Amino acid sequence: MFKLLNPKRFYHTVGKNKFFEFILSIVFFLFFYLPLLNAAMLAFANKYQFPYIFPNEWGFNWWNFIIDRDNLISSILSSVIIAILVTIFSLLICLPAAYALARYEFKGKSLVLFSYLLTNAFPKMGLYVSIAIIYYKLGLMGTYTGVIIIHIINTIMYMVWLPLGSFRSVRKEQEEAARDVGASPLRTFKDITLPLAMPGIAVASVFTFLASMDEAQGTLVVGFPQISTMATEMYAVIMDFPITAGAVFSLLLMIPSIIVIFLFRKYITADAIQIK
């Protein structure tokens, strides 16, 4: 006990902890922010040659080149519209499933939960090719409907598992109290359950929107060339032009994501999503 209360020993222990926290912070900063800083640096490089660390010439040449591309605005609009529709349809399809899985026990429930992970359990290209064969027969190749279905398949996991945890955190007694005073099941869900589960639903919606904005492979397989999004356009830029052009497009691709995260910031903090 004396050793634990010894001021010198306590100060030495705290100092060591602070030192390790500092080292971990530096490692995290380098791992997470260094690629972003490198992309930002390359985006403002007119000329860059390996193995130089910094660009040979600074400027906005590649910004002008990317902004002047004919299909830039259309790809941005397509990405945003598709992401919004995917989020809305995912909410309508997955929230009832998440609520049912949170509230009811039935045989095979674990298998149903596991099935929502399958689309993310293996490389998706094989899945996309298989779906493309079906799309050819149904006439969905090169259509917005086909692309939206592909995106929803990829986001089902977010829209089921995250709201599932939020619905479980809502106590049944709160719903039963509303029913006892005459509220219908729909009104109980709308006025009691949904507001209490909103942080988890909001986080799932943000993840779904961002995943849709970032989806490129499935869109290329079933939608290209009729449908071009920012993600597919970035693939073309990276393959056909220098890395500096790709860095510019990557920063542009981040803007909608940053806006969405900013708008939903009150729902995606640690305090908002903690289970009570």
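For the single chain, residues carry numbers from 1 onward in sequence order. What you see is a predicted model; the values in this text were computed from it and never measured.
A pairwise comparison of heavy atoms in Trp63 and Ala43 identifies NE1-O, 2.9 Å as the closest pair. Of all non-hydrogen atoms in Gly146 and Thr143, the two that sit nearest each other are N-OG1, 3.1 Å. Between Met213 and Val80, the shortest heavy-atom distance links the atoms SD-N, 4.1 Å. The nearest pair of heavy atoms linking Ile192 to Ala178 is CG1-CB, 3.9 Å. For the residue pair Thr193 and Val170, the shortest heavy atom distance occurs at O-CG2, 4.1 Å. Scanning all heavy atoms of the two residues, the minimum distance from Val221 to Ala132 falls at CG1-CB, 3.9 Å.
In terms of hydrophobic clustering, with Ile, Leu, Val, Met, Phe, Trp and Tyr side chains grouped at heavy-atom distances under 4.5 Å, Leu196 and Leu95 are assigned to different clusters. No chain of hydrophobic side-chain contacts below 4.5 Å, direct or via other Ile, Leu, Val, Met, Phe, Trp or Tyr residues, connects Phe31 to Ile26. Residues Ile93 and Val86 do not share a hydrophobic cluster, clusters being chains of Ile/Leu/Val/Met/Phe/Trp/Tyr side chains in contact below 4.5 Å. The same ILVMFWY cluster, assembled from side-chain heavy atoms under 4.5 Å apart, contains both Leu251 and Phe54. By the rule that hydrophobic residues join a cluster once side-chain heavy atoms approach within less than 4.5 Å of another member, Val222 and Ile134 end up as members of one cluster.
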Would you check, one step at a time, whether the test side-chain contact (heavy atoms from CB on, under 4.5 Å) holds for Glu176 with Arg171? CA-CA 9 Å; Glu176 292 171 353; Arg171 297 179 180 177; over 6 Å; no
What's the verdict on side-chain contact (heavy atoms from CB on, under 4.5 Å) for Ile76 and Ile255, showing C-alpha distance, side-chain angles and the deciding distance? CA-CA 10 Å; Ile76 293 175; Ile255 293 175; over 6 Å; no
side-chain contact (heavy atoms from CB on, under 4.5 Å) between Leu164 and Tyr116: does it pass, once the steps are laid out? CA-CA 12 Å; Leu164 171 65; Tyr116 290 113; over 6 Å; no
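For residues 197-216, the pairs satisfying side chain to side chain donor-acceptor pair (under 3.5 Å) are Tyr128-Glu215, His151-Ser212, Asn154-Glu215, with sequence neighbours left out.
Distance check: Leu91 CG to Met159 CE gives 3.5 Å after rounding to the nearest 0.5 Å. Taken to the nearest 0.5 Å, the CD1 atom of Ile131 stands 3.5 Å off from the CD1 atom of Ile150. Distance check, rounded to the nearest 0.5 Å: CG of Leu101 to CG of Leu113 gives 5.0 Å. Taken from CD1 in Ile23 to CZ in Phe28, the straight-line distance is 15.5 Å, to the nearest 0.5 Å. Rounded to the nearest 0.5 angstrom, Met41 CE and Leu34 CG are separated by 9.0 Å. Separation of atoms OG (Ser75) and CG (Leu252) is listed at 9.0 Å; rounding is to 0.5 Å.
Val112 places a side-chain heavy atom less than 4.5 Å from the side chain of Phe106. No side-chain heavy atom of Ile153 sits less than 4.5 Å from a side-chain heavy atom of Lys124. By the 4.5 Å heavy-atom criterion applied to side chains, Thr229 and Thr232 are counted as neighbours. Residues Ile81 and Tyr144 fail the side-chain proximity criterion, which asks for heavy atoms closer than 4.5 Å. Under the 4.5 Å side-chain criterion, counting only non-hydrogen atoms from C-beta, Phe89 is not in contact with Ile149. A 4.5 Å side-chain heavy-atom check between Ile156 and Cys94 finds at least one atom pair inside the cut-off. Between Pro185 and Arg179 the shortest side-chain heavy-atom distance falls below 4.5 Å. Between Phe167 and Ile201, some side-chain heavy-atom pair lies under the 4.5 Å cut-off.
Between the side chain of Asn61 and the main chain of Asn46, no donor-acceptor pair closer than 3.5 Å is present.
The aromatic rings of Tyr104 and Tyr99 stand perpendicular to each other, their planes meeting at an angle above 60°, with 30° marking the opposite boundary.
Residue-environment remark: CZ (Phe65) exceeds the threshold of 12 foreign heavy atoms within 6.0 Å. Residue Arg187 places its CZ atom among 12 or fewer non-hydrogen atoms of other residues, nucleotides or ligands, all under 6.0 Å distant. More than 12 heavy atoms of other residues, nucleotides or ligands sit less than 6.0 Å from atom NZ of Lys109. Atom CZ of Phe44 sits in a crowded spot, with more than 12 heavy atoms from other residues, nucleotides or ligands closer than 6.0 Å.
Inspection of the Ser90 and Thr155 side chains reveals an N or O donor paired with an N or O acceptor under 3.5 Å.
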